[in-house]
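Keep in mind that this is a model prediction, so the values were computed, not measured. Naming: A, B, ... by sequence-line order, numbering from 1 per chain.
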Amino acid sequence: MAAQQPPIVLYDTLSASKRPLELLEPGRCRIYTCGPTVYDMSHIGHARAAIVPDVLVRTLRELGVEVTYARNVTDIDDKIIRRAAEEGSTPGAVAERYTAEYHRDLADLGCLEPDVEPRVTAHVPEIISMIEALVERGLAYASDGDVYYRVAAFAPYGALSKRSLEDMQAGARVEVNERKENPLDFVLWKGAKPGEPAWASPWGEGRPGWHIECSAMSRRYLGDTFDVHVGGRDLIFPHHENEIAQSQGACGVGTFARHWVHNGFVDFAGEKMSKSLGNFFTIREVTALYPAEALRFFLLGVHYRSGINFDVEVPCPGCGAPLSTDEQHGEACPHCGARLEVDELRRRVRFPGLEEADDRVKAIYETLERAQVFLNGPGGGQGAVAPEPPEVPVSPAVADMLSRFRAAMSDDLNTAAAIACLSEPLREVNRLLVAKKKEVDPVQRRATIARFLRDMAAVSRFLGIFGADPGTYLRARRDRKAARLGLDTAAIEALLARREQARAEKRWKEADALRDELASRGVVVNDAAGHSSWTL
RNA sequence: GGCCUGGUCGCCAAGUGGUAAGGCAGAGCUCUGCAAAAGCUCCACGCGCCGGUUCAAAUCCGGCCCAGGCCUCCA
């Protein structure tokens, strides 16, 4: 597809409107997103902040745009230093460890690797030279070993966050820092403190402030001006506002990101996440309980700019009664009196929304698997999808699926609407798969199912979901869930075999009793023509 | 206090001027030894409330009520 036209419409925070993504260079898009500060395990909010730009990148690529995607790692920062001190480790070791954990989480979540992933500590020279440029232009000043940005000297300050300097001064907390000319000035370079990592600079030993790294590194890899900057909503102020001040201050007004994309928050149980029980979970904690694809599907079920709520259900270990947030913090269950311990509660936590997502992803994979088997027979591999017979009519619902899906994705990455486009085709394919021979035109049936599989492969490239081999996914999901529930797979298979024998001999009572026994463990039995299968 | 979002079916959630997507739950049915899965049918004359603009409004304007966020580290 020639991408001469703006490929998609995207909401832009700076202009506060949806507008076509007009690329600096037709057919090519440069994207920068703020990656994590690596001082701890990443939480679900980080997952969303990574998945949103990932879907943007995937969508543009699928629409024929050549994308350069940069996502930084902030590997030097107060929190990293503090963490290292707590652990008796070094900031470098802390950063390295959590960078690796972050990569593992994102790989689980199906995020593509960025084309470049710059680290702050490897770009100190670029940072210093940018600060020097700001000082030369009167936009920054050295003060007692620190360097600060002179906010009042940058006229557009506040344009992104829609706040005037006066507004902010009125609402600002009084900050005691006599090194600053203005309380709103922010630090570009921090003078070294004893025992902290430090680099030589024109202002003495020190290290970069928080915001400057994104300005310096985006410039290095994407140029003075690039197409899209992505980040969480909470970064609009001060982080992104300051990036604009730095970059445009150094490179000129009109430079830097042409389009600002900000994703909404993830809330837990209706509250913004905080590190107290019940509303703070890491990616790893969640993916230990549910498939990572279910988490991704859940996060994409809501438009990226909206907040998304993670329902959390914490049952009492004693009586199973759901506990309110307050009750979770209590000593004992108000219903049965059982002692409550944090670790125990965290292990038993349930996420109803994720369970629904898990079931939905499972159901879609089941349809994909049945479709594959229909076309290729049992054991037919993923790559063995039969070519679509030419010029054969395909059921309308399936024929339109991909174009409708693509249209939704092109309209400000409306993943929720895009996913909804799959429902009708899914129903149609399921209908065709079980239809009696005389009910459908066999040629059309085959063509429709083949087309569906082909187009679902495209869908999976947009979303980063449904790309696994269905049989492999379903087996892994089931076995993992069985292990988590402490079920003995071999014992289940044995019961199932006994039941099949009973059924073959029409001993229905025995067969039903065995099914009840399996059901009591949560195992769902599915009888097909010749054989039975089980799932969870 | 300043600034900014959002209030759509029991729950989740699309829809930003043209007559309410989708998912879950629920009801009935088909298939089935019985189930399960799948499928079929049904499930918001109304989109926080009150006015207004318009041939036409969930969508635009004004007022009000409610919830949340940012202004400090934060995805």
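Both the sub-6.0 Å distance and the 45° axial angle are not jointly satisfied by Arg406(A) relative to the ring of Phe462(A). A cation-pi geometry, defined here as NZ or CZ lying under 6.0 Å from the six-membered ring centre and within 45° of its normal, holds between Arg305(A) and Tyr11(A). At least one cation-pi condition fails for Arg207(A) and Trp189(A): the charged atom is not both under 6.0 angstrom from the six-membered ring centre and inside a 45 degree cone around its axis.
Residue-to-nucleotide contacts include a donor-acceptor pair under 3.5 Å from the side chain of Arg515(A) to the base of C34(B). In terms of polar N and O atoms assigned as donor or acceptor, the side chain of Asp512(A) comes within less than 3.5 Å of the base of G33(B) in a complementary pairing. For A75(B), its base never sits under 3.5 Å from the side chain of Arg48(A) at any donor and acceptor pair. At a cut-off of 3.5 angstrom, counting only N and O atoms as typed in the model, there is a donor on one side and an acceptor on the other between the side-chain of Asp527(A) and the base of C34(B). Put simply, the side chain of Arg163(A) and the base of C70(B) share a donor and an acceptor less than 3.5 Å apart.
Between Arg427(A) and the phosphate of C40(B), there is a side-chain N or O to OP1/OP2 separation shorter than 4.0 Å.
Rounded to whole Å, atom C1' of C4(B) lies 16 Å from atom NE2 of His240(A). Atom P of nucleotide A37(B) and atom CG of Leu536(A) are separated by 14 Å, given to the nearest angstrom. Atom-to-atom, NE2 of His262(A) to C1' of A75(B) comes out at 10 Å; the value is rounded to the nearest Å. Computed from coordinates, the His211(A) NE2 to C73(B) P distance equals 7 Å when rounded to whole Å. Whole-Å rounding puts the Leu432(A) CG to A38(B) C1' distance at 12 Å. Atom CG of Asp359(A) and atom C1' of C12(B) are 14 Å apart (whole Å). Nucleotide G23(B) holds its P atom 12 Å from the CD1 atom of Ile419(A), rounded to whole Å.
Nucleic acid contact for Gly264(A): base, since at least one base atom lies under 4.0 Å from a heavy atom of the residue. Using a 4.0 Å heavy-atom cutoff across all strands shown, Gly353(A) reaches no nucleic acid atom at all. Nucleic acid contact class of Lys506(A) (heavy atoms, under 4.0 Å, all strands): none. Residue-level contact check: Val525(A) touches the bases, meaning some heavy atom is under 4.0 Å from a base atom.
Taking CD from Glu510(A) and CD from Gln501(A), the interatomic distance works out to 9.5 Å, rounded to the nearest 0.5 Å.
Qualifying salt bridge (Lys or Arg N to Asp or Glu O under 4.0 Å) partners for Lys190(A), counting only residues two or more places apart in sequence or in other chains: Asp78(A). The salt bridge (Lys or Arg N to Asp or Glu O under 4.0 Å) check on Arg350(A) picks up Glu313(A), Glu355(A), with sequence neighbours excluded.
Consecutive Watson-Crick or G-U pairing (both distances under 3.5 Å) extending over three or more pairs maps onto RNA chain B as B:1-7 with B:65-71, B:10-12 with B:22-24, B:26-30 with B:38-42, B:48-52 with B:60-64.
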Expected list for residues 513-520 of chain A: side-chain donor-acceptor pairs under 3.5 angstrom, two or more places apart:
{"from": "Arg515(A)", "atom 1": "NH2", "to": "Asp512(A)", "atom 2": "OD1", "distance (Å)": "3.4"}
{"from": "Glu517(A)", "atom 1": "OE2", "to": "Arg521(A)", "atom 2": "NH2", "distance (Å)": "3.2"}
{"from": "Ser520(A)", "atom 1": "OG", "to": "Glu517(A)", "atom 2": "O", "distance (Å)": "2.5"}

- Item | Per-nucleotide protein contact string for nucleotides 26-31 of chain B, where B marks a base within reach and S marks sugar-phosphate only (heavy atoms under 4.0 Å, - for neither) | ------
N/O-N/O pairs, protein side and nucleotides 13-16 of chain B side, under 3.5 Å:
{"from": "A14(B)", "atom 1": "OP1", "to": "His303(A)", "atom 2": "N", "distance (Å)": "2.8"}
{"from": "A14(B)", "atom 1": "O3'", "to": "Asn414(A)", "atom 2": "ND2", "distance (Å)": "2.8"}
{"from": "G15(B)", "atom 1": "OP1", "to": "Asn414(A)", "atom 2": "ND2", "distance (Å)": "2.8"}

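For Glu356(A), whose side chain is taken as the heavy atoms from C-beta onward, the closest listed nucleotide among G23(B), A75(B), C40(B) is G23(B). Picking from G23(B), G33(B), C4(B) the nucleotide with the shortest atom distance to the side chain of Lys162(A) gives C4(B). Taking every side-chain heavy atom of Phe237(A) into account, C70(B) is the closest of C3(B), C70(B), C40(B). In the set G69(B), G33(B), G39(B), G33(B) carries the atom at the smallest distance from any side-chain atom of Arg499(A). The side chain of Asn526(A) lies closest to A35(B) when the candidates are A35(B), A38(B), G39(B). Distance from the side chain of Ala420(A) is smallest for A21(B) among the nucleotides A35(B), A38(B), A21(B). Taking every side-chain heavy atom of Arg503(A) into account, C34(B) is the closest of A75(B), A36(B), C34(B).
The aromatic rings of Phe310(A) and Phe268(A) are tilted relative to each other, their planes meeting at an angle between 30° and 60°. Classification of the Tyr32(A)-Phe226(A) ring pair by plane angle, with boundaries at 30° and 60°, yields tilted.
Atom CD of Glu493(A) has more than 12 heavy atoms from other residues, nucleotides or ligands within 6.0 Å. Within 6.0 Å of atom CZ in Arg498(A), 12 or fewer heavy atoms from other residues, nucleotides or ligands are found, so the atom counts as exposed in its surroundings.
A salt bridge links Glu428(A) with Arg431(A): at least one charged nitrogen is closer than 4.0 Å to a carboxylate oxygen.
Side-chain contact, Asp75(A) with Thr121(A): a donor N or O sits under 3.5 Å from an acceptor N or O.
Residue-to-nucleotide proximity on RNA chain B shows that, of Gly232(A) and Ala511(A), the 5′-proximal contact is made by Ala511(A).
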